[in-house]
Protein chains: 2
Amino acid sequence: MVTRPPRLTDVAKAAGVSTATASMALNGTGGNRIGSETRDRVLAAAAALGYRPNTVARGLRTRRTQMIGFVGDNVATTPFAGQMIRGAHDAAREAGFLLLMIDTTGDPEETGEAIAALQERQIDGILLATMYHQAIDVPKEIKSTPVVLLDCSADGTVSSVVPDERGGTLGVLAELAAAGHRRIGHVTTAEDVEARHIRLAAWREHVTAYGLDAGDLLAESPEARTHDGYEAAMRLLGRPERPTAIFCFNDRMAMGVYRAAAERGLSIPGDLSVVSYDDQELIAPELAPGLTSAALPHYEMGSWAVKELLRRLDEPDAEPVQHLMPCPTARRQSVAAPR
Amino acid sequence: MVTRPPRLTDVAKAAGVSTATASMALNGTGGNRIGSETRDRVLAAAAALGYRPNTVARGLRTRRTQMIGFVGDNVATTPFAGQMIRGAHDAAREAGFLLLMIDTTGDPEETGEAIAALQERQIDGILLATMYHQAIDVPKEIKSTPVVLLDCSADGTVSSVVPDERGGTLGVLAELAAAGHRRIGHVTTAEDVEARHIRLAAWREHVTAYGLDAGDLLAESPEARTHDGYEAAMRLLGRPERPTAIFCFNDRMAMGVYRAAAERGLSIPGDLSVVSYDDQELIAPELAPGLTSAALPHYEMGSWAVKELLRRLDEPDAEPVQHLMPCPTARRQSVAAPR
DNA sequence: TCCAATCGGTCAATCGATTAACTAAGTCCG
DNA sequence: CGGACTTAGTTAATCGATTGACCGATTGGA
């Protein structure tokens with residue numbers, strides 16, 4: 001016998017009340033219109049029947065689906081920023097929301113379609129996430145739907161959260177400075193991304209404060225892969241007056257720097273200290289010696305974004321907030337005093 | 001002026017027909033009851049108004065939400081199996097479905113709650129995924145909801161897809177055999193997971209076929225992290241008659257094996273060939289030399305699972321299928337002929 | 001010529017909740 | 001005693017689509 005799941009009507013009938021009463025009793029709405037004895041009867045009936053509200057029906061009536069759309073460019077599916085989803089997921093679930101996820105290639109048209117698909121499903125709000133910190137245009141498809149940007153920022157008309165790249169950079173550089181380093185090199189990518197610019201600028205500021213020529217200490221490669229890091233480091237370590245420490249654009253490049261150091265016969269951290277950015281879980285702690293790295297607070301950003309979104313659902317007219325999330329330094333063994 | 005999105009009524013009015021007609025025209029339902037001229041008028045009106053159906057209302061009526069629940073234990077949020085989601089996501093989207101994701105810690109009670117939360121939302125089916133290939137009990141909460149297991153298997157009453165670990169193992173071992181290796185060691189974990197058992201058994205079968213004693217060639221560590229691989233390899237390479245090649249339980253352990261080889265003064269692949277399992281994108285291609293590894297077909301499994309689920313939505317009485325997905329060998333530079 | 005089938009639609013019930021408007025009974029107080 | 005409140009509910013409209021039942025006008029066959 002196929003029994004369909006119980007409806008509110010069934011609960012109401014079992015408790016001997018109207019569906020209106022049952023609804024109010026279960027949801028605690030309607031102020032004090034429901035007697036406590038009646039409420040108990042309804043609750044008991046619901047429990048006995050194993051009643052679970054049909055949120056589709058509820059959503060139709062209330063225009064709230066308790067679902068948040070998560071649109072990301074390769075965020076969900078690449079190893080890098082998964083913690084962003086985890087953070088969003090946890091914060092959402094805590095508030096009784098679920099994440100409806102769409103991953104895109106980053107193509108604006110595709111993003112637009114994704115947003116439309118989510119809006120058809122009447123999601124309550126949208127999280128727009130990118131894989132790397134960057135500036136974007138908010139798609140015009142989002143008109144009335146509340147939105148929060150994750151790891152990207154726009155024109156200031158919507159809330160957003162991005163990592164505090166400058167703070168993170170100064171953090172790991174301070175680590176080196178505290179160990180006594182002055183000649184700190186930088187190995188970076190030539191790609192035109194926000195992260196590169198900010199990290200580079202913060203590093204430049206730091207070294208020029210010591211009166212050093214940043215040009216002597218900078219090495220750049222076309223991309224940010226292991227091999228690019230290797231190449232840049234080989235060049236940097238081949239210069240007449242080599243740096244005593246290197247700050248890498250990210251952990252992947254740092255892996256290449258480790259390789260280059262080994263090839264040049266330099267031990268880390270004895271001959272060369274290395275710090276980096278991203279604190280990727282599959283790299284930074286796994287390298288030997290463990291890599292000191294500024295952590296991208298993916299989890300915290302995801303969580304913050306959901307909370308901000310929920311806040312805006314309650315107060316649609318609140319001022320948009322541009323949030324900078326701190327990047328704490330993950331200390332490991334790749335830093336020591338220079339020889 | 002806040003204009004609410006157009007409803008079917010608006011389209012019908014604009015086209016001068018009833019909502020019934022408009023609905024049928026837009027959905028192509030009702031056979032040939034709609035004249036082609038009328039249909040065009042409706043379509044034009046819908047396009048002009050920018051009409052998008054409210055899928056919540058539709059879902060209430062049709063009992064189909066075009067959403068699939070994805071329940072995973074840390075799957076979504078760890079770097080490892082993200083491609084599983086990607087595969088499921090793409091296959092779902094192609095069929096007009098979206099993924100409603102819940103990540104759990106693997107705790108059965110939590111999983112039960114996750115399933116209930118999804119069922120409340122009237123998802124059409126559920127994908128139950130685990131991070132590593134393992135046997136599970138299908139939660140009893142899933143009664144009437146169609147379900148497909150991803151990277152895990154159960155009692156055969158539901159469809160499932162898991163990697164063909166045996167085939168994958170034999171694949172990389174064949175690679176070594178073709179290069180001329182006989183004494184092939186195995187570095188593995190002591191954890192009680194399906195993957196360990198199958199890979200170990202396939203390896204044992206392979207080496208005993210040469211009349212070798214598997215015990216001489218096996219080294220085990222408590223877990224499967226880099227350091228565990230390092231320790232096991234150090235022991236294995238310290239034995240009197242060391243293997244000419246090592247098959248590692250996974251890429252993480254292989255990283256440790258690389259380190260051990262370097263420490264013992266053995267070059268890869270000159271003195272020692274190494275093959276592994278998982279083909280993790282942040283490890284296998286990034287090591288030097290690139291690591292030959294049996295790839296876990298996460299994407300394909302995710303995609304297969306969704307297709308199977310959709311099939312079962314159409315034919316609920318179809319026989320459940322237990323699918324083995326092949327693990328192709330990713331060839332790199334870590335294999336050469338023995339000295 | 002007349003009945004039945006076909007064509008091209010419309011009407012109204014329905015999915016399962018929420019909630020504004022209403023009601024009936026009891027209470028309070030001048 | 002009577003009007004105003006309070007208490008504890010009920011009735012019925014509503015959200016926006018889908019779809020079974022129905023209907024009037026043609027067409028076709030006997």
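These numbers were taken from a predicted model, which means no experiment stands behind them. Labels below follow one simple rule: chain letters A, B, ... track the order of the sequence lines, proteins then strands, and each chain is numbered from 1. Just the heavy atoms: all of them, side chains too, but no hydrogens, waters or symmetry mates, feed the values below.
L49(A) has its CG atom 15 Å from the P atom of dG16(C), to the nearest Å. Rounded to whole Å, atom C1' of dA8(D) lies 15 Å from atom CG of D40(A). Taking atom CG of residue L60(B) and atom P of nucleotide dT19(D), one finds them 12 Å apart after rounding to whole Å. In this structure, I34(A) atom CD1 and dT10(D) atom C1' are separated by 10 Å, rounded to whole Å. The interatomic distance linking R4(B) (CZ) with dC15(D) (C1') rounds to 12 Å, in whole Å. Computed from coordinates, the R63(B) CZ to dT19(D) C1' distance equals 14 Å when rounded to whole Å. In this entry the distance linking CZ of R39(B) with P of dG8(C) reads 10 Å, nearest Å. One interatomic measurement links the two molecules: CD of Q122(A) to P of dC15(D), which rounds to 14 Å at whole-angstrom precision.
For the residue pair E120(A) and T55(B), no side-chain donor N or O sits within less than 3.5 Å of a side-chain acceptor on the partner. In summary, the side chains of S303(A) and K307(A) do present a donor paired with an acceptor at a separation below 3.5 Å, with no hydrogens or angles considered. Using a 3.5 Å distance cut-off with no hydrogens or angles, the side chains of T105(A) and D107(A) do not pair a donor with an acceptor. If you check the side chains of Q322(A) and S160(A), you find a donor sitting under 3.5 Å from an acceptor.
D10(A) places no side-chain N or O within donor-acceptor distance of the main-chain N or O of P6(A), the cut-off being under 3.5 Å.
Using a cutoff of 4.0 Å between basic side-chain nitrogens and carboxylate oxygens, R312(B) and D124(B) are not scored as salt-bridged.
In terms of heavy atoms, I136(A) sits closest to C152(A) at CD1-SG, 3.7 Å.
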Could you give me the CA-CA distance, side-chain angles and deciding distance for S159(A) and E308(A), then say whether side-chain hydrogen bond (donor to acceptor under 3.5 Å, both in side chains) is met?
CA-CA 8 Å; S159(A) 288; E308(A) 170 68 7; 2.6 Å; yes
Verify side-chain hydrogen bond (donor to acceptor under 3.5 Å, both in side chains) between N54(B) and R121(A), making sure each step is shown before the conclusion.
CA-CA 7 Å; N54(B) 180 325; R121(A) 271 144 177 117; over 6 Å; no
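Looking at heavy-atom distances under 4.0 Å, V56(A) makes no contact with the nucleic acid at all.
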Between the protein and nucleotides 17-20 of chain C, list the N/O to N/O atom pairs that are separated by less than 3.5 angstrom.
residue	atom	partner	partner atom	Å
dA17(C)	OP1	Y51(A)	OH	2.8
dA17(C)	OP1	N54(A)	N	3.0
dA17(C)	OP2	L8(A)	N	2.3
dT18(C)	OP1	N27(A)	ND2	3.0
dT18(C)	OP1	R58(A)	NE	2.9
dT18(C)	OP1	R58(A)	NH2	3.2
dT18(C)	OP2	S23(A)	OG	2.5
dT18(C)	OP2	N27(A)	ND2	3.2
dT18(C)	O2	R61(A)	NH1	2.3

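Over its length, the helix from dT1(C)-dA30(D) to dG30(C)-dC1(D) turns its helix axis by 60°, as judged from the five terminal pairs at each end, rounded to 10°.
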